[in-house]
Amino acid sequence: MNREKHILPVTPMVWTIPDAVIEDAVLRETQFRALVAAGFDGVAVFVRCTRYTWDDPEARAAVAHISRMCKASGLKLWIGPDPRFISRTLIGEHGGAEVLLFGNASRASVFPHRVPVEAGRFSVRCELTPRHGHMFHEVALEYLPLGLARVYAVRSGVTSIAHDDITDITASSRMFYNARDRYVEAFGTFAPPDGGAWDILAFFRVRSSHMDYSSRAQMRAYARRLAAQKKAGIHPQGLMWDEPGYTCTYGSLPFTPVIRTAWTESLGLSPEKVLWKLALDAADGSHSHVRQSYYRIVQQTVVDAQRATNRVIRRLWGQYCVAGIHDTWHFESGDMCDMNHGSMDLWKGGEAKSGGFVDVGGVNDLRLPGSPYYANLAALSVIAASLGRHSPGKFAYNNLWTVGDDDGEGWQLSVMDHCVDVLAFAGNRWLAHAYGPVGTIGQERSFLGSPPLPGYPDHSTWPGFPVWNKRLQDHVQATGGALPVANVLLVFPVDLLHALADPRADRLAAEVFAGVLALLDDHFHPDVISPLLASRGRWINGSFVLGRHRYDAVALPYAKEVDKNMAAAMRNGGDLVIRFDPTAASALPKHLALLGIPRPARGPAGSWISMTAGSQESVVTVIPSRHTGVMEGKVTCGGAEVFLPRTSGLVRVHFREGSTPLVRSDVHRLP
């Protein structure tokens with residue numbers, strides 16, 4: 001085991017400290033003792049939902065106090081000095097990241113926003129109402145107009161745009177800013193060339209109050225403030241950014257000078273010539289390349305900023321200081337607008353992290369065994385392990401959480417209990433969420449109109465944590481902290497989703513999630529990676545080899561969209577490269593079975609099963625596949641088998657060559 005794993009907590013709790021905790025050392029100590037008593041082996045401290053920024057001297061002093069308490073108690077300390085929390089400080093007098101808006105608002109409900117030309121005149125408005133953001137000290141982002149980037153006239157009713165269907169009318173358009181009512185407007189006149197119906201689409205340039213990941217000056221200023229954390233006596237074993245990106249969703253695109261320059265070089269022409277292809281599909285398909293190159297560049301700026309930060313934190317706190325947190329801002333719900341803010345390709349983001357990090361939110365939706373949300377739970381649990389498997393540290397964390405409550409019925413407790421078993425099955429550690437307020441000032445226990453969020457200890461699931469923490473910690477000890485094996489590779493179609501770049505991508509992602517669920521339900525052991533990562537592998541003697549990992553088969557959803565690098569990597573795979581349509585998710589495990597693809601371990605019906613290989617033995621983890629589920633039957637691994645009596649909880653079976661398999665039911669259960 002590498003030294004990095006020795007300093008990893010298994011079950012740290014995100015601890016958000018508002019004004020009262022910053023100002024009152026007694027309250028701080030009381031909350032810390034409650035976290036220790038609940039069995040957490042680490043805390044991840046965020047200065048959030050407070051009027052103080054994390055670089056305020058009083059806030060620094062509070063976190064330094066927590067640092068001392070952690071050292072005295074043996075808990076691991078992670079901190080969350082995210083640059084977005086001090087955006088106003090970092091951007092200074094020059095303003096924050098520039099953004100393009102082409103929807104009806106800064107957080108658009110209509111995008112692209114096409115408005116008909118009427119009587120030869122047009123008016124297109126975009127509201128600049130401050131946009132709520134839970135990662136901002138100031139509670140919301142503000143926007144100020146800079147001008148019109150481009151204005152287009154587009155033939156009405158046409159969704160696949162040919163050359164004659166669009167014309168650039170920027171030169172004859174005007175912009176108005178209504179500072180009182182907070183909207184920008186593009187207006188003017190347009191005479192349709194054929195007398196037909198035409199619409200107007202406008203791209204507005206605005207300056208946001210968001211820090212700019214692509215600005216070296218801002219990132220240097222951020223590094224100086226990190227150094228002040230150490231001088232204040234803060235000594236963490238990990239530093240994290242929560243869902244990093246530009247806080248842009250559909251209809252909103254970061255467009256900083258660095259992004260513009262890099263995009264120009266990638267395209268070989270001025271982006272302004274093809275700007276409309278970010279919002280509208282081109283009849284010749286050329287929008288795909290335009291979007292893919294753009295979104296890759298956006299994400300690269302975030303990854304570069306994280307890498308620069310990693311160099312700083314390791315200089316300050318040592319080479320084993322953990323770097324990163326989940327990139328899955330919307331990914332956990334299958335909402336692919338992540339691509340707009342710079343975290344769509346989780347595997348690209350993983351290049352700047354120590355391990356794998358994901359988010360599975362709203363697990364209250366798992367109450368009913370038939371819930372479609374099990375596909376999200378399956379996919380993100382597997383993806384966490386996949387990201388960890390291909391990371392330097394070989395570990396994975398899941399920021400799993402719930403919303404709402406159950407009015408004393410108890411099902412929230414049992415749902416979370418099932419999720420802890422899923423974490424163990426997938427080899428995920430648990431970055432639990434969150435002790436203290438979860439939102440922003442004015443929305444302390446919710447954001448964006450969500451149902452109430454946990455806000456521990458004031459939630460019905462809080463009493464379960466002593467049992468859950470012990471269960472997961474014991475499981476990680478039993479498996480040596482290793483991740484389960486995987487022998488079937490599924491390539492997540494990142495490039496295709498980039499090319500779609502709108503809610504159509506949500507449907508495709510949901511179908512791929514369903515494919516992962518089908519694999520787990522049929523006891524296959526999948527890994528999920530991106531096309532870019534997969535293109536680095538090759539077929540050798542009937543196995544697909546990627547680094548130190550070998551796979552018996554590769555599954556390609558939407559295979560017609562693979563690029564030449566992926567196609568080259570898949571060459572020589574023959575029938576073991578499975579091109580499948582995710583709309584029929586159940587077909588994938590059937591196809592694998594017909595090919596005779598092995599399952600490293602198999603379990604009874606109604607279970608999920610994983611196998612963790614050790615030097616002396618293989619540990620097979622078996623859990624019910626659904627909340628309230630039960631399982632009974634044979635468990636097989638490496639030619640050996642054992643009968644599993646009827647059970648509703650986590651079971652580990654230890655297989656050692658030449659010995660009788662040892663069945664161990666988890667003893668840490670809720671009463």
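The residues of the chain are indexed from 1 along the displayed sequence. Below, all heavy atoms of this structure are taken into account, side chains as well, without hydrogens, waters or symmetry copies. Being a predicted model, the structure only gives us computed values, none of them experimental.
- Between Tyr250 and Phe111, the angle of the ring planes stays under 30°, which puts this pair in the parallel group of the 30/60° scheme.
- Surrounding CZ of Arg504 are more than 12 heavy atoms belonging to other residues, nucleotides or ligands, all under 6.0 Å away.
- With salt bridges taken as basic N to acidic carboxylate O contacts below 4.0 Å, none links Arg174 and Glu185.
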Please report the C-alpha distance between Leu144 and Tyr177 in whole Å, then the side-chain angles of each, then the deciding distance to 0.1 Å, and finally whether the side-chain contact (heavy atoms from CB on, under 4.5 Å) criterion is met. CA-CA 9 Å; Leu144 289 174; Tyr177 171 48; 4.1 Å; yes

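- Expressed to the nearest 0.5 Å, how far CG of Asp181 lies from CG of Leu128 amounts to 11.5 Å.
- Counted by atom type alone, Tyr213 and Gln306 present zero donor-acceptor pairs between their side chains at under 3.5 Å.
- The distance from the CG atom of Leu533 to the CD atom of Glu351 is 8.5 Å, given to the nearest 0.5 Å.
- Salt bridge Arg150/Glu272: absent, no basic N to carboxylate O contact under 4.0 Å.
- The CZ atom of Arg28 sits 7.5 Å away from the CH2 atom of Trp15 when rounded to the nearest 0.5 Å.
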Pair Gln443, Thr440 - check side-chain contact (heavy atoms from CB on, under 4.5 Å), show working. CA-CA 5 Å; Gln443 293 187 0; Thr440 58; 4.2 Å; yes

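- Under the 4.0 Å criterion applied to side-chain N and carboxylate O atoms, Asp458 and Arg445 are assigned as salt-bridge partners.
- In this structure, a donor-acceptor pair under 3.5 Å is present between the side chains of Lys277 and Ser286.
- Taking the six-membered ring where tryptophan is involved, the planes of Phe203 and Phe102 are tilted, since the angle between them lies from 30° to 60°.
- Relative ring orientation between Tyr294 and Phe255 is described as tilted, the plane-to-plane angle lying within the 30° to 60° band.
- Going from atom CD of Glu332 over to atom CG of Leu400 covers 10.5 Å, rounded to the nearest 0.5 Å.
- Listed for the Arg114 side chain is no donor-acceptor partner under 3.5 Å among the backbone atoms of Ile200.
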Check the pair Asp168, Trp276 against side-chain hydrogen bond (donor to acceptor under 3.5 Å, both in side chains), reporting the backbone distance first and the verdict last. CA-CA 9 Å; Asp168 188 332; Trp276 65 270; over 6 Å; no

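- Proximity of the aromatic rings of Trp430 and Phe40 is defined here by a centroid distance below 6.0 angstrom, and this criterion is not met.
- When the shell of 6.0 Å around CZ of Arg307 is examined, it contains more than 12 heavy atoms from other residues, nucleotides or ligands.
- With 3.5 Å as the limit, one finds no donor-acceptor pair spanning the side chains of Arg84 and His210.
- The closest side-chain heavy-atom distance from Cys248 to Pro254 is below 4.5 Å.
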Might you work through the side-chain hydrogen bond (donor to acceptor under 3.5 Å, both in side chains) test for Asp335 and Ser333, ending with a clear yes or no? CA-CA 5 Å; Asp335 184 347; Ser333 58; 5.0 Å; no

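- Between Thr249 and Asn340, the side chains place no donor N or O within less than 3.5 Å of an acceptor N or O (distance only, hydrogens not considered).
- Under the side-chain hydrogen bond (donor to acceptor under 3.5 Å, both in side chains) rule, Asp495 has a single partner from Arg291, Gln292, Arg296, which is Arg296.
- Thr129 and Tyr143 share no donor-acceptor pair across their side chains, judged by distance under 3.5 Å alone.
- Between atom NE2 of residue His137 and atom OG1 of residue Thr89 there is a gap of 8.5 Å, rounded to the nearest 0.5 Å.
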Checking ring-ring contact (aromatic ring centres under 6.0 Å, His included) for the pair Tyr397/Trp78: CA distance, chi angles, key distance, verdict? CA-CA 13 Å; Tyr397 281 91; Trp78 290 6; 5.0 Å; yes

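- Distance check, rounded to the nearest 0.5 Å: CZ of Arg125 to NE2 of His113 gives 10.5 Å.
- The aromatic rings of Phe513 and Phe492 are tilted relative to each other, their planes meeting at an angle between 30° and 60°.
- The pair Asp327-Lys353 meets the salt-bridge criterion, since a charged nitrogen lies less than 4.0 angstrom from a carboxylate oxygen.
- Contact annotation: the side chain of Val363 never approaches that of Asp365 to less than 4.5 Å [non-hydrogen atoms, C-beta and beyond].
- A heavy-atom distance below 4.5 Å is found between the side chains of Asn104 and Ser109.
- Asp281 and Thr159 form no side-chain donor-acceptor contact under 3.5 Å, judged by distance and modelled atom types alone.
- When all heavy atoms of Ser293 and Trp263 are compared, the closest pair comes out as OG-NE1, 3.0 Å.
- With salt bridges taken as basic N to acidic carboxylate O contacts below 4.0 Å, none links Arg182 and Glu127.
- At least one side-chain heavy atom of Val322 sits less than 4.5 Å from a side-chain heavy atom of Phe395.
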Check the pair Ser354 / Tyr320 against side-chain contact (heavy atoms from CB on, under 4.5 Å), numbers first and verdict last. CA-CA 9 Å; Ser354 300; Tyr320 295 110; over 6 Å; no

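- Relative ring orientation between Phe46 and Phe85 is described as perpendicular, the plane-to-plane angle rising above 60° on a 0-90° scale split at 30° and 60°.
- Looking at Arg88 and Glu142, their side chains come closer than 4.5 Å, going by heavy atoms from C-beta outward.
- Of the options His341, His134, His330, a side-chain hydrogen bond (donor to acceptor under 3.5 Å, both in side chains) to Glu243 is made by His134 and by none of the others.
- If you check the side chains of Ser214 and Asp212, you find a donor sitting under 3.5 Å from an acceptor.
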